S.K.: 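Here you go, one structure.
Everything numeric here is computed off the predicted structure, so don't read it as measured data. Letters go in sequence order (proteins before strands), and every chain restarts at 1.
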Amino acid sequence: MTFLQRTLPLAIAMVAGLLGILTFYIPVWEEFETRSAIWFRIVFAFAMILGIHSLLHMHWTRIRRNQAGWAYSAVTVGAFAVTLLFAIYNSGAGPFAVQNLESGGLGWIYDHIQVPAGATMFSLLAFFIASAAFRTFRARSPEAAILLVAAICVMLGRVPIGAAISPYLPELSQWLMDTPNMAARRGILIGVSLGAIATALRIIFGIERSWLGEDRR
Amino acid sequence: MNKDQRLLLLVLIAFTGINGILIATGSIQLDAKGFGLIVGAGVTLAIYSFLYGDNPVFKLVEHAYVGVVAAYEFAQVWYQNILSDIIHPLAGNSDNPEPIWSIIVPTVLGSFLLTRLVGKAVWLSRLAFGLIVGLGAGLLIPRRISAYLIQQIEPTVGSIFTSTGFDPNAAFVLIGVVSVLVYFSFSLEHKGVVGVVSRVGIWFLMVSFGASFGYTVMARLSLLIGQLTFLMQDWLHVPLPLF
Amino acid sequence: MINRLQTLDRRVIYAVIFVGVALALLIDFKFPISATPNVRAVYQGVETLDKGQTILISFDFGPSTVTELGPMARAILHHCFSKELRVIAVTLLPEGQGITQSILEEVATEYDAKYGEDFVFLGYKAGNEAVILNMGQDLRRAFDKDVRGNSLATMAATRSITSLRDIPYIIDLTSGYPGVEEWIQFGQERYGFKLAAGVTAVMAPDAFPFLQSGQLEGLLGGLAGAAEYEHLIGREGQAVSGMRPQSVGHVIIIGFILFGNLAYFLGRSRT
């Protein structure tokens with residue numbers, strides 16, 4: 001059983017990983033690259049279904065066990081069911097026809113619930129960032145002062161009021177982005193890439209096994 | 001009834017009243033679109049009510065939103081992946097009447113992922129994860145080396161001396177990149193020369209984080225502007241700008 | 001007094017932001033807008049394309065970032081349709097389908113652009129970078145049909161396109177993952193097309209190394225980037241009018257930061 005539970009998955013990961021590397025350098029293997037990308041997409045779709053199931057299971061358990069907030073979980077499950085019904089009804093075409101994106105019910109839910117709710121959720125952050133900046137953004141050290149000055153220059157330079165205050169502000173802001181910011185980001189990018197490559201190699205050679213999950217006994 | 005409950009009731013009455021006025025004046029029609037506008041405004045205001053404090057209306061809308069998004073994403077995965085990439089190729093169609101049998105392999109592997117929901121068979125999902133994780137790692141390595149390492153190091157070093165001579169900006173960038181990399185080398189003790197270089201790296205990072213902060217403020221404010229525009233222009237029918 | 005200022009109720013801050021931004025929306029005032037070099041580069045990239053050439057735009061964003069990327073998308077589409085380019089649209093985010101469809105049709109209607117001939121929407125596919133890889137090798141194996149069920153071989157806009165190698169210019173409008181990095185690693189690096197990006201302001205600082213290395217031809221960052229593009233194409237719309245409240249909002253937040261620092265240093269000097 002250890003062979004099937006540990007050795008075989010590690011072997012699959014190693015073979016898939018080595019093939020993934022080699023296909024980049026061997027042009028005749030482009031067909032394998034295409035096919036493996038299609039397979040990756042299909043398996044990924046099942047992973048998304050797993051994620052959605054996980055969410056619904058959590059809420060369903062809360063309803064079944066009458067836990068605190070179960071009524072809200074019922075709202076989640078209800079909203080899921082209603083939206084899915086409209087999606088599958090597909091303006092009468094059903095689940096095996098081409099999806100009609102302008103589908104009456106689904107389109108309505110998307111335009112009038114999903115879009116405003118999604119946009120508003122993220123727009124809350126504007127208030128939180130202002131409040132957090134007021135409370136905690138202090139020039140306590142030279143480094144913090146550099147951060148503060150850079151932030152103010154960029155905030156003013158990227159909007160038209162900056163040019164109205166001084167024509168040098170947009171230029172300074174652009175130089176800050178093009179030069180010191182770019183240098184720091186490049187350093188981070190190179191460092192992160194080296195780390196990602198090292199982790200990927202560890203996964204392929206079976207040194208990194210956390211993706212296997214726990215062994216259930 | 002406490003203060004917050006009274007305030008909530010007041011807001012609900014005001015919301016209903018405003019919509020009543022908008023319908024009565026003909027600004028909002030009593031059709032699907034008009035009803036949708038009212039629902040959209042209600043959802044927006046319910047979420048903004050979180051700024052005052054957590055409350056049942058916010059929680060209701062938040063949970064409904066989660067359900068709607070999950071169903072919408074499931075529908076997209078069904079139509080654009082399961083139906084289009086699995087069912088249609090296996091069933092054959094007018095363009096390709098012969099079934100593409102090789103699709104069975106990833107379909108079986110994908111369904112192995114679902115065995116995570118079945119206690120005894122969960123080991124099968126590791127086979128599918130092995131493919132995803134291994135393939136993902138393998139595809140990443142050469143592309144990272146090529147697109148990130150080589151393509152980023154080359155312009156850093158190569159642009160210091162150009163046909164017009166020494167470029168101080170490029171030298172400044174090289175100092176920045178090297179000092180940031182030295183800062184992140186935590187296996188080296190940051191003392192002496194390494195300490196000085198690492199401190200320079202911190203200054204570059206501070207400029208970068210300051211720029212990030214500035215851009216983040218810009219991003220979040222943009223979203224707020226969008227939602228306020230929706231509330232004022234689309235819902236309340238206030239022409240913008242008014243003055 | 002200083003302690004009270006330092007511990008100001010956060011709802012007062014929220015109210016000031018709300019009122020300031022709302023007033024800036026209501027009151028008209030103008031500041032001149034000038035385009036930065038990275039935005040100008042995107043504009044030039046589209047401008048150099050000839051009538052009938054194909055451009056692919058990947059709408060990798062959803063409702064949560066439509067305020068920033070929606071105006072960008074509209075401005076770029078206006079530019080493309082006014083130049084009579086063929087637009088192929090695709091999205092790598094499931095929640096991006098609805099928004100992409102509505103923006104495409106809204107702009108296409110203004111130019112009487114015909115679906116199938118002047119523009120095509122391929123739809124969404126799960127798989128992120130795997131989809132980019134597939135499109136780069138064989139577009140029809142990534143998307144055998146478009147979102148309306150039409151075969152790519154039957155439509156004038158996609159008939160001659162077999163892979164990303166056949167597309168001279170690609171613009172990725174992205175709010176995160178999958179985004180610029182995936183398009184560069186799995187697309188531009190391998191298949192050599194010109195790539196530009198429109199990103200949310202949060203992501204913009206991260207994209208500058210790719211600009212400098214030439215992996216990105218140009219970059220639009222946030223609503224300000226969209227406003228600059230609108231200014232360049234001569235169609236000042238939602239993004240340009242958003243610069244008023246944006247400017248006021250920035251000044252308010254800078255004011256809060258400086259005020260907070262003043263109160264902090266005054267408090268420190270007292271103790």
S.K.: Heavy-atom pairs under 4.5 Å with chain B - which of A:A81, A:A11, A:C153, A:A126 has more of them than the others?
M.R.: A:A126
S.K.: Measuring heavy-atom distances to chain B, does A:F96 have an atom under 4.5 Å in its side chain, in its backbone, in both, or in neither?
M.R.: both
S.K.: So, using side chain to side chain donor-acceptor pair (under 3.5 Å) as the criterion, who are the partners of B:E73 when residues are at least two apart?
M.R.: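 In terms of side chain to side chain donor-acceptor pair (under 3.5 Å), with neighbours along the sequence ignored, B:E73 is linked to no residue.
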S.K.: Which atoms of A:H53 come close to chain B, meaning under 4.5 Å heavy atom to heavy atom: side chain ones, backbone ones, both, or neither?
M.R.: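 The side chain, not the backbone.
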S.K.: Between A:S131, A:A97, A:S54, A:A37, which residue shows the highest count of heavy-atom pairs closer than 4.5 Å to chain B?
M.R.: A:A97
S.K.: List in chain and number order the residues that pass side chain to side chain contact (heavy atoms under 4.5 Å, CB included) with A:T83, two or more places apart in sequence or in another chain; answer none if no residue qualifies.
M.R.: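 Scan of A:T83 (side chain to side chain contact (heavy atoms under 4.5 Å, CB included), adjacent residues dropped) gives A:L106, A:I109, B:V68, B:A71.
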S.K.: Can you say whether A:M48 sits under 4.5 Å from chain B via the side chain, the backbone, both, or neither, judging by heavy atoms?
M.R.: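 When you check distances to chain B, only side chain atoms of A:M48 fall under 4.5 Å.
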S.K.: Could you check whether any side-chain N or O of A:T179 sits under 3.5 Å from a backbone N or O of A:L176, counting only pairs where one atom can act as donor and the other as acceptor?
M.R.: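 Not confirmed, A:T179 side chain does not pair with A:L176 backbone.
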S.K.: Which residue out of A:A16, A:A133, A:A45, A:A150 racks up the most heavy-atom pairs below 4.5 Å with chain B?
M.R.: A:A16
S.K.: Could you look at A:V43 and say if it's the side chain, the backbone, both or neither that has a heavy atom under 4.5 Å from chain B?
M.R.: both
S.K.: In this structure, which one of B:L205, B:I202, B:L174, B:V200 forms a side-chain contact (heavy atoms from CB on, under 4.5 Å) with B:S179?
M.R.: B:V200
S.K.: Around A:W70, counting heavy atoms of other residues, nucleotides and ligands shown, do more than 12 lie under 6.0 Å from its CH2?
M.R.: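 No, not enclosed.
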S.K.: Which atoms of A:A71 are under 4.5 Å from chain B, going by heavy atoms: the side chain, the backbone, both sets, or neither?
M.R.: neither
S.K.: Please classify the contact between A:I203 and chain B as side chain, backbone, both or neither, with a heavy-atom cut-off of under 4.5 Å.
M.R.: side chain
S.K.: Go through the atoms of A:L156 and report whether side chain, backbone, both or neither lie under 4.5 Å from a heavy atom of chain B.
M.R.: neither
S.K.: Can you tell me which portion of A:I204 sits under 4.5 Å from chain B's heavy atoms? Options are side chain, backbone, both or neither.
M.R.: side chain
S.K.: Please state whether the side chain, the backbone, both or neither of A:I52 comes within less than 4.5 Å of a heavy atom of chain B.
M.R.: side chain
S.K.: Check whether any side-chain N or O of B:Y79 sits under 3.5 Å from a backbone N or O of A:A87 as a donor-acceptor pair, and report yes or no.
M.R.: yes
S.K.: Against chain B, label A:L4 side chain, backbone, both or neither, depending on which of its atoms sit under 4.5 Å from a heavy atom there.
M.R.: both
S.K.: Will you find, in the side chains of A:E208 and A:S210, an N or O donor that is under 3.5 Å from an N or O acceptor?
M.R.: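 Yes - a donor-acceptor pair under 3.5 Å links their side chains.
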S.K.: Considering residues at least two apart in sequence or located in another chain, which fulfil the salt bridge (charged side-chain N to carboxylate O under 4.0 Å, His left out) criterion with A:R35?
M.R.: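 Expected list: A:E31.
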S.K.: Using the six-membered ring wherever Trp is involved, compare the ring planes of A:F44 and A:F40 and label them parallel, tilted or perpendicular (cut-offs 30° and 60°).
M.R.: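 Parallel.
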S.K.: Between the side chains of A:R185 and B:S212, is a donor N or O closer than 3.5 angstrom to an acceptor N or O?
M.R.: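 Note: A:R185 and B:S212 side chains meet the donor-acceptor criterion.
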S.K.: Side chains of A:T76 and A:Y72: closer than 4.5 Å at any heavy-atom pair?
M.R.: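 A:T76 does not reach A:Y72 side chain to side chain.
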S.K.: Could you name the residues of residues 195-202 of chain A that have a heavy atom within less than 4.5 Å of a heavy atom in chain B?
M.R.: A:A196, A:I197, A:A200, A:L201
S.K.: Answer with side chain, backbone, both or neither: which region of A:P95 has an atom nearer than 4.5 Å to a non-hydrogen atom of chain B?
M.R.: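 Contact with chain B: backbone and side chain both.
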S.K.: Specify the closest pair of heavy atoms between B:R144 and A:S193, including all atoms of both residues, with the distance to one decimal.
M.R.: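 Heavy atoms only, the tightest pair is NH1-OG, 3.5 Å.
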S.K.: For A:F127, is it the side chain, the backbone, both, or neither that has a heavy atom closer than 4.5 Å to a heavy atom of chain B?
M.R.: side chain
